[in-house]
Amino acid sequence: MKRIKRIKGTQDILPETSFKWQYIENTVRKIMVRYGYHEIRTPMFEMTELFARGIGQLTDIVSKEMYTFTDRSKKSITLRPECTAPVMRAYLENNLGEARPVQKLYYISPMFRQENPQAGRLRQFHQFGVECIGPSAPEADVETILLGLDIYQELGLTNFTVKINSVGDAESRINYKARLKEFLEPHLTRMCHTCQERYDSNPMRILDCKNESCNSILSDAPQIIDSLTTDAREHFNKVLSLLDQNEVEYQIDHRLVRGLDYYTFTAYEFIGGGLGAQNALGGGGRYDLLAEEIGSKKQTCAVGFAAGIERLIMAMEEENLLPQINSGIDVFIATFGGETQDAGFKLARTLRKNDISVHTELMGRSLKAQMREANRSGARFALILGEEEIKTGRAALKDLLQSEQKEIALSDLVDEILKTRE
RNA sequence: GUGGGCGUAGCUCAGGUGGUAGAGCGCCAGAUUGUGGCUCUGGUGGCCGCGGGUUCAAGUCCCGUCGCUCACCCCA
């Protein structure tokens, strides 16, 4: 029989790695609380239509990367490729906007995209992200950026930059698309295939192209900043001004348009160093049009970002910022089988009820092997419990760190172990 | 979807020109008959990804296939 293997692009997160994940997740939650964000958990799958309409039919995600299947009732279901549309759906469905005008929500959860895996790209990957729903003010945009920066800083990351741009409101974009197309038209024959198609379907995405010949043409292309309406211009200026006031270093990137259809006004990315070809740690922006795309009657302003945890781990590994696993074991109880084993087993339970972490022998091995196991488990102490010890109520407690051993009354054990915690 | 690289012990990897497998680490045991880490000694462990072909003989050559990995498109 052939061994069954995991699905391409998925990962088993083993104990020494899950420890690192916990460290990151704890830090993320801590900073979220500081900024007044609350966790929201939405289902792992949604109606396909949510993403088709919310993210945009022409985006790469929807057109070729979604895990879509038909369930037994013939509904088209999709494993979520991102979480902004689901959060907005939940916000609308639960009338959170009626409860209060500002909802600040965050999530930490797996996403799914059927792409060919490579460094920093998986089919099941994990993101943390925030959605600030309600406010149209540029302060909200900046707050999300600062929040992201604080998480990276708290984790000790230094090798990264912030890129920012404005893609304007609907009117700005109509203006800009016209100017861009006018500029590109004479060069069209020299551009790559996809860009020629984008010229009609979604010209702003051409700015994303990394093809060399397209690139050289684009260096002289008009910039969207010059096509912004007064509102959009003012919004962007205020965002930049707030970033300056808060001493955030950033780069304006006129070619930053981002892949998803729902962005308006501010678009930004956190770019990491030393990550290989996939160097975006996270990205986000404002998306005032999304709510209406998925069926809301009134406009709902919102801004947020999503950040990849696998890429964050890669970046942190690069800078050696991740903690080593700490077993947290206080004591290993070594016994000699038979009655001593039963007594040790019961003692373990008593200690555990007293908030002490205990490891016991489950293989019936020799004392020597048990001591080796105790050492390997990372336990601070080993308690050696034989027949004599059970009779006298006193046992040998060995401090594995100091390599010192003393005899101790079993009744004093809890206090003795807790003492070393301080 | 496309292209490159790689599949040999639990892990990392050696194995000119074909002669049916090795190291380091790990694991187990002993030196120390009730004491870990260090040291020494010994041991366990492999349909050499899978299928076919060439050959007296294939880990090695040829064909196919699957898997992993990096990259392109794009994204986290």
Side-chain angles (χ1 to χ4, degrees), chain A residues 2-11 14 16 55 58-66 80-84 108-129 148 192-195 197-198 202 205 207-212 214 256-260 269-272 275-284 305-315 332 334-337 340 359 361 363 365-389 395-405:
Chain A
K2 231 170 104 180
R3 276 209 293 195
I4 297 168
K5 309 211 301 182
R6 66 172 184 268
I7 288 172
K8 184 202 278 275
T10 63
Q11 280 188 319
L14 305 175
E16 64 175 44
I55 301 174
L58 294 173
T59 59
D60 286 9
I61 291 180
V62 174
S63 63
K64 59 183 194 194
E65 295 167 6
M66 292 207 300
R80 63 174 175 217
E82 57 99 57
C83 216
T84 298
I108 304 177
S109 41
M111 308 294 160
F112 307 86
R113 293 182 200 172
Q114 193 166 171
E115 299 184 84
N116 266 347
Q118 69 185 73
R121 175 192 285 154
L122 294 158
R123 290 189 169 185
Q124 175 176 337
F125 61 102
H126 298 76
Q127 292 184 328
F128 62 88
C192 73
H193 234 13
T194 25
C195 283
E197 278 168 28
R198 284 168 173 165
N202 193 350
R205 289 290 303 287
L207 297 178
D208 254 350
C209 190
K210 277 134 199 150
N211 180 295
E212 253 181 61
C214 297
L256 177 63
V257 291
R258 302 196 48 72
L260 316 184
E269 274 182 5
F270 302 114
I271 305 291
L275 284 185
Q278 310 309 321
N279 65 356
L281 278 172
F305 71 80
I309 298 181
E310 284 84 356
R311 290 187 190 173
L312 175 56
I313 288 176
M314 285 168 73
F332 183 99
T335 63
F336 300 88
T340 64
H359 210 35
E361 171 62 11
M363 303 277 282
R365 288 174 289 187
S366 68
L367 180 66
K368 185 186 174 67
Q370 291 184 63
M371 291 301 286
R372 190 166 51 228
E373 182 66 37
N375 185 58
R376 191 161 36 204
S377 77
R380 173 69 191 270
F381 296 100
L383 183 82
I384 298 158
L385 197 63
E387 282 172 38
E388 197 58 33
E389 284 85 349
L397 184 67
K398 183 164 188 176
D399 185 330
L400 295 173
L401 201 67
Q402 315 266 348
S403 234
E404 285 166 3
Q405 182 169 327

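In what follows, chains are A, B, ... by sequence order, proteins preceding strands, each numbered from 1.
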Report task. Pick base, sugar-phosphate or nothing for A:Glu115, based on heavy-atom distances below 4.0 Å to the nucleic acid. Result -> base

Requested in this report: Please work out if A:Ala280 contacts a base, only the sugar-phosphate, or nothing of the nucleic acid, heavy-atom cut-off 4.0 Å.
Outcome: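 If one applies the 4.0 Å heavy-atom cut-off, A:Ala280 turns out to touch the sugar-phosphate alone, with no base involved.
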
Could you state the atom-to-atom distance from [atom1] of [X] to [atom2] of [N] in whole Å?
X: A:Glu82; N: B:A76; atom1: CD; atom2: P; result: 8 Å
X: A:Met66; N: B:G1; atom1: CE; atom2: P; result: 18 Å
X: A:Leu14; N: B:G10; atom1: CG; atom2: C1'; result: 13 Å
X: A:Phe305; N: B:C75; atom1: CZ; atom2: C1'; result: 16 Å
X: A:Ile55; N: B:A76; atom1: CD1; atom2: P; result: 10 Å
X: A:Leu207; N: B:C73; atom1: CG; atom2: P; result: 15 Å
X: A:Glu197; N: B:C73; atom1: CD; atom2: P; result: 16 Å

[M] and [N], which share atom name [atom1], separated by this distance in whole Å:
N: B:G42; M: B:C47; atom1: C1'; result: 28 Å
N: B:G46; M: B:A21; atom1: C1'; result: 9 Å
N: B:C62; M: B:U17; atom1: P; result: 11 Å
N: B:G51; M: B:C56; atom1: C1'; result: 23 Å
N: B:C68; M: B:A76; atom1: P; result: 24 Å
N: B:G26; M: B:G34; atom1: P; result: 26 Å
N: B:U44; M: B:G22; atom1: P; result: 13 Å

Query raised in the report: Does A:Phe381 have any ring pair (Phe, Tyr, Trp, His ring centres under 6.0 Å) partners at least two apart in sequence or in another chain, and if so, which?
Result: none

Return the polar atom pairs (N/O with N/O) between nucleotides 65-72 of chain B and the protein under 3.5 Å, or none.
from	atom 1	to	atom 2	distance (Å)
B:G67	O2'	A:Lys5	NZ	2.9
B:C70	OP2	A:Ala119	N	3.3
B:A71	OP1	A:Ala277	N	3.3
B:A71	OP2	A:Gln118	NE2	3.3
B:A71	OP2	A:Ala119	N	3.2
B:C72	OP2	A:Gln118	NE2	3.3

According to salt bridge (charged side-chain N to carboxylate O under 4.0 Å, His left out), who are the partners of [X], at least two apart in sequence or on a separate chain?
X: A:Glu65; value: none
X: A:Arg380; value: A:Asp399
X: A:Lys8; value: none
X: A:Arg121; value: A:Glu115

Report task. Determine yes or no for a side-chain-to-main-chain donor-acceptor pair under 3.5 angstrom, with A:Arg311 supplying the side chain and A:Gly120 the backbone. Result ->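 Checking the backbone N and O of A:Gly120 against the side chain of A:Arg311, a donor-acceptor pair under 3.5 Å is found.
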
Query raised in the report: Under 3.5 Å, is there a donor-acceptor pair between the side chain of A:Glu197 and the main chain of A:Thr194?
Result: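 Such a contact is absent between A:Glu197 side chain and A:Thr194 backbone.
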
Report task. Mark up nucleotides 28-38 of chain B, 5' to 3', with B wherever a protein heavy atom is under 4.0 angstrom from a base atom, S wherever such an atom reaches only the sugar-phosphate, and - elsewhere. Result -> SS----BBBB-

**Report entry** Residues, nucleotides or ligands: over 12 heavy atoms within 6.0 Å of A:Gln114 CD
**Finding:** yes

Query raised in the report: Within a reach of under 6.0 Å around CD of A:Gln402, are more than 12 heavy atoms found that belong to other residues, nucleotides or ligands?
Result: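 Yes.
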
**Report entry** Listed partners of A:Gln370 passing side-chain hydrogen bond (donor to acceptor under 3.5 Å, both in side chains), at least two apart
**Finding:**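 Once residues adjacent in sequence are excluded, A:Gln370 has no partner under the side-chain hydrogen bond (donor to acceptor under 3.5 Å, both in side chains) criterion.
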
Report task. With sequence neighbours excluded, tell me which residues meet side-chain hydrogen bond (donor to acceptor under 3.5 Å, both in side chains) with A:Thr340. Result ->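 A:Thr340 satisfies side-chain hydrogen bond (donor to acceptor under 3.5 Å, both in side chains) with no residue once adjacent residues are dropped.
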
Query raised in the report: Hey, mind stepping through A:Met371 and A:Lys398 against side chain to side chain contact (heavy atoms under 4.5 Å, CB included) and telling me if it holds?
Result: CA-CA 10 Å; A:Met371 291 301 286; A:Lys398 183 164 188 176; 3.9 Å; yes

Query raised in the report: For residues 122-129 of chain A, which residues have at least one heavy atom under 4.0 Å from RNA chain B?
Result: A:Leu122, A:Phe125, A:Gln127

Query - Trace of the side chain to side chain contact (heavy atoms under 4.5 Å, CB included) decision for A:Arg205 with A:Asp60 - result: CA-CA 11 Å; A:Arg205 289 290 303 287; A:Asp60 286 9; 4.0 Å; yes

Query - Nucleotide-level pairing of RNA chain B, given in dot-bracket where Watson-Crick and G-U pairs need both distances under 3.5 Å and | marks other strands - result: (((((((..((((.....[..)))).(((((.......))))).....(((((..]....))))))))))))....

**Report entry** A:Arg372 CZ to A:Leu367 CG distance, which is reported to the nearest 0.5 Å
**Finding:** 11.0 Å

Requested in this report: Output all residues satisfying side-chain contact (heavy atoms from CB on, under 4.5 Å) with A:Phe125, sequence neighbours left out; order by chain, then residue number.
Outcome: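 Partners of A:Phe125 under the side-chain contact (heavy atoms from CB on, under 4.5 Å) test: A:Met111, A:Arg113, A:Leu122, A:Gln127, A:Glu310.
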
